[in-house]
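Written out below as structure tokens is the structure these notes cover.
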Amino acid sequence: MTLTSPKGTHDLLPEDLATWQFVEQTARETFGRANYQEIRTPMFESTDLFERGVGESTDIVNKEMYTFLKGERSLTLRPENTAGVVRAYIQHGMDRRPKPVKLFYMGPMFRYERPQAGRQRQFHQIGAEVFGVDTPQSDAAVILLAMTFFTKLGVPGLKLEINNVGCFDCRGDFREQLKALLAPHLMALCGDCNKRFETNPLRMLDCKNETCKAVYTQPEIAAFLNQDHTCTVCQTHFNQLLELLDAAHVPFERNKMLVRGLDYYTRTVFEITSNHLGAQNAVCGGGRYNGLVKMLGGPDTPAVGWALGVERLVSLIAKQTQPALEYFVVSDSPSHALALCQQIQARGFSADLDLTGKALGKQLAQANKLNARYVVICGESERESHSIVVKTMTDGSQESLPQELFFERLTLRAPVPA
RNA sequence: GCGACUGUCGCCUAGUGGUCAGGGCCCCUGAUUGUGGUUCAGGUUAUCGUGGGUUCGAAUCCCAUCAGUCGCCCCA
């Protein structure tokens, strides 16, 4: 019986990581330039945090959490990171920092689900959150940040869908009206929708069942849904956001059926999908969550943010190759080989050497397998004359030169040492 | 939680009841003890996912189980 990684988890091998590192590096660069700062919170939190923060009626909390008991404490592997970031924001009094507080994070999340294409039990998210501002321009800025990031990475086939789900006040009214309207149709609707009718009727609109869709597109219901049922404040906010997106030339689609699965969203919700993915086509999702900070015991603080799935993102962009090895040192003297290698590395180049003590010809063959661009040969005769042979592997040409001259040349081309 | 399909060396794969399995790639050794890539010769790696059954005989047929993939659901 061979050991394998647990169901729904994957090893990231060196050849995969080149693309991941490219994504992470681009993220740090893009967010850094936009003045976001990185935050790292624990991979597990009190179960309570997610129950209160993510929402008791959500699937995530109901059936997807990895929860375990340690002594009296119930802990849960984080299924998402907004709740964790909000907890840290409150705990460290970050509301005393200059507003807005702009944070980003990246790391693994855990959800106990049946794995399939684009869905695993341990997956990775990159997310951004802005605390302390309630303006439409902060919504726009956050969405633009995501779009800029995707553009930089060259992600194809993207679509931005956006909706206004209202605030806690107007959503309640809408909810009751919707329930009144849908109640007579319950018999015709699927089991899931009947459950959602009680727990979270807004999510019924997102149902993929054809019969249910048919009901929701009936003239009477469609007409109701077509009206904006949010309050004037929410509507104004949303309309201003749409204008800002237009002004920034960001194409979007208004999707009145779009409802996020997490309870904490208010007003703006959005989702970025790609038609190059399978059934799990959402790359990025987010929105405004003005009530969450207060709900978790902090000061009443508006916030907006999003999270994207790194695995899905990586599957969409061109595969990056690992940087090639620059130098390979060939020598029959271990001490000289080690010293040379270190000196090359100190000047900012990658260098490797043989550790097995094999013959020079074999060492050269190894350099070739490792795809080294240059081989530095330092054998007995070179040592006597304090020289070195530099061989260019692509064309086989080589040059003998004094060691000092070699290092001078290296220094000239080398990046500034850290 | 439900459904469909798949499961042979590290990777790709031949083999659809009759020698406990063949090939390609990779890896290692040698030809080539101060010069790699090509070529040539050799070598290592598989109790055919696991367990049971049918049969004189099973990688091959049947059942179960596990795992993977895709879809439902849900979401990033």
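Here is the naming used below: chain letters follow the sequence lines, and residue numbers restart at 1 for every chain.
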Inset, instruction - Can you check whether any acceptor in the base of B:rU35 is under 3.5 Å from a donor in the side chain of A:Gln363, or vice versa? - result: no
Inset, instruction - Using a strict cut-off of less than 4.0 Å between a Lys/Arg side-chain nitrogen and an Asp/Glu carboxylate oxygen, indicate whether A:Arg78 and A:Glu80 qualify as a salt bridge. - result: no
Legend entry - A:Lys358 NZ - B:rG36 C1' separation (whole Å): 12 Å
Legend entry - Nearest-neighbour nucleotide for the A:Leu364 side chain, B:rG71, B:rC75, B:rU35 considered: B:rU35
Inset, instruction - Kindly indicate whether the side chain of A:Glu382 and the base of B:rG34 share any N or O donor-acceptor pair separated by less than 3.5 Å? - result: yes
Legend entry - Length of the NZ-C1' vector between A:Lys362 and B:rG37, whole Å: 13 Å
Inset, instruction - Would you kindly say whether A:Tyr289 and A:Glu129 are connected by a side-chain donor-acceptor distance under 3.5 Å? - result: yes
Legend entry - Distance in angstrom units between A:Leu153 CG and B:rA76 P, rounded: 19 Å
Legend entry - Check: A:Arg288/A:Ser138 side-chain N/O donor and acceptor closer than 3.5 Å: yes
Inset, instruction - Considering just the side-chain nitrogens and oxygens of A:Gln280, establish if one lies under 4.0 Å of OP1 or OP2 belonging to B:rC75. - result: no
Legend entry - Nearest-Å distance once atom P is located in both B:rG7 and B:rG49: 8 Å
Legend entry - Residue-level proximity of residues 6-32 of chain A to RNA chain B when a heavy atom falls under 4.0 Å: A:Lys7, A:Gly8, A:His10
Legend entry - Under 3.5 Å donor-acceptor pair, A:Arg119 side-chain atoms to B:rC70 base atoms: no
Inset, instruction - Write down the distance separating the P atoms in B:rU38 and B:rC27, rounded off to the nearest Å. - result: 10 Å
Legend entry - Aromatic contact, A:Phe131 with A:Tyr89 (centres under 6.0 Å): yes
Inset, instruction - Under 4.0 Å between any heavy atoms, over every strand shown, what does A:Ala307 touch: base, sugar-phosphate, or nothing? Just pick one. - result: sugar-phosphate
Legend entry - 5' priority, RNA chain B, between A:Pro115 and A:Gly285 [closest heavy atom]: A:Pro115
Legend entry - Aromatic ring pairing A:Phe174/A:Phe224, orientation class (parallel under 30°, perpendicular over 60°, tilted between): parallel
Inset, instruction - Would you kindly compare A:Gly361 and A:Tyr112 by the position of their nearest RNA chain B nucleotide and give the one closer to the 5′ end? - result: A:Tyr112
Legend entry - Residues A:Arg171 and A:Glu176 bridged, charged N to O under 4.0 Å: no
Inset, instruction - Could you check whether A:Lys391 gets within reach of a base, just the sugar-phosphate, or nothing at all, counting any heavy atom under 4.0 Å? - result: base
Inset, instruction - Write down the distance between CD (A:Glu113) and C1' (B:rA76), rounded to a whole number of angstrom. - result: 10 Å
Might you list the N or O atoms of the protein lying below 3.5 Å from N or O atoms in nucleotides 2-6 of chain B, with each pair's distance?
residue: B:rC2; atom: N4; partner: A:Arg114; partner atom: NH1; Å: 2.8

Inset, instruction - Flag the pair A:Asp134 and A:Arg267 as a salt bridge only when some basic side-chain nitrogen lies within less than 4.0 angstrom of an acidic carboxylate oxygen. - result: yes
Legend entry - Pairing string, 5' to 3', for RNA chain B - Watson-Crick or wobble contacts under 3.5 Å, brackets [ ] where pairs cross, | to another strand: ((((((((.[[[[.)..(...]]]].(((((.......))))).....[[[[[..)....]]]]])))))))....
Inset, instruction - Pick the P atom in B:rU39 and in B:rU44, then give their distance to the nearest Å. - result: 22 Å
Inset, instruction - Mind checking A:Gly118 for me? I need base, sugar-phosphate or nothing, with any heavy atom below 4.0 Å counting as a touch. - result: base
Inset, instruction - Mind checking A:Thr356 for me? I need base, sugar-phosphate or nothing, with any heavy atom below 4.0 Å counting as a touch. - result: nothing
Legend entry - Interatomic distance, A:His276 NE2 vs B:rA76 C1' [rounded to whole Å]: 18 Å
Inset, instruction - Give a yes or no on this: more than 12 heavy atoms of other residues, nucleotides or ligands lie within 6.0 Å of atom CD of A:Gln345. - result: yes
Legend entry - Distance-only donor-acceptor test, A:Asn368 side-chain atoms vs B:rG37 base atoms, 3.5 Å: no
Legend entry - Nucleotide of B:rA76, B:rC73, B:rC72 approaching A:Phe123 most closely (side-chain heavy atoms): B:rA76
Inset, instruction - Taking atom P in both B:rG18 and B:rU69, compute the distance separating them and give it to the nearest angstrom. - result: 34 Å
Legend entry - Check ion pair A:Glu38-A:Arg28 (N to O, under 4.0 angstrom): yes
Inset, instruction - Counting heavy atoms from C-beta on, name the nucleotide in B:rG36, B:rA76, B:rG34 closest to the side chain of A:Ile377. - result: B:rG34
Inset, instruction - Take atom C1' in B:rA58 and the same atom in B:rC26, then report the distance between them in whole Å. - result: 31 Å
Inset, instruction - Select base, sugar-phosphate, or nothing to describe what A:Met393 touches, counting heavy atoms under 4.0 Å on all strands. - result: base
Inset, instruction - May I ask you to say what A:Glu380 touches in the nucleic acid, namely base, sugar-phosphate or nothing, with a heavy-atom cut-off under 4.0 Å? - result: base
Legend entry - Integer angstrom distance from the P of B:rC40 to that of B:rG34: 26 Å
Inset, instruction - Nearest whole angstrom, please: distance from the P of B:rG1 to the CD of A:Gln116. - result: 15 Å
Inset, instruction - Look at all strands and tell whether A:Gly127 reaches a base, only sugar-phosphate, or nothing, counting heavy atoms closer than 4.0 Å. - result: nothing
Legend entry - Check: A:Phe406 ring centroid to A:Tyr374 ring centroid under 6.0 Å: no
Legend entry - Rounded interatomic separation in angstrom, taking CG from A:Asp395 and P from B:rU38: 17 Å
Inset, instruction - Determine whether more than 12 heavy atoms belonging to other residues, nucleotides or ligands lie under 6.0 Å from atom NZ of A:Lys294. - result: no
Legend entry - Cation-aromatic face contact A:Arg373/A:Tyr327, 6.0 Å, 45 degrees: no
Inset, instruction - Give the rounded distance in Å between these two atoms: CD1 of A:Ile60 and C1' of B:rC73. - result: 13 Å
Legend entry - A:Thr230-A:Asn164 side chain donor-acceptor pair, cut-off 3.5 Å: yes
Legend entry - Trace of the salt bridge (Lys or Arg N to Asp or Glu O under 4.0 Å) decision for A:Lys7 with A:Glu113: CA-CA 10 Å; A:Lys7 196 184 182 90; A:Glu113 295 180 273; over 6 Å; no
Inset, instruction - Have a look at A:Glu64 and say if it touches a base, only the backbone sugar-phosphate, or nothing, with a 4.0 Å heavy-atom cut-off. - result: sugar-phosphate
Inset, instruction - With heavy atoms under 4.0 Å as the rule, sort A:Ala367 into base, sugar-phosphate or nothing. - result: nothing
Inset, instruction - Identify whether any heavy atom of A:Ser381 sits under 4.0 Å from a base atom; if not, whether one sits that close to sugar-phosphate; answer base, sugar-phosphate or nothing. - result: base
Inset, instruction - Considering only atom P, compute the distance from B:rG24 to B:rU33 and round it to an integer number of Å. - result: 27 Å
Legend entry - Nearest-angstrom distance, C1' atom, B:rC9 to B:rG22: 12 Å
Inset, instruction - Using a cut-off of 6.0 Å, state whether more than 12 heavy atoms not belonging to A:Glu29 lie near its atom CD. - result: yes
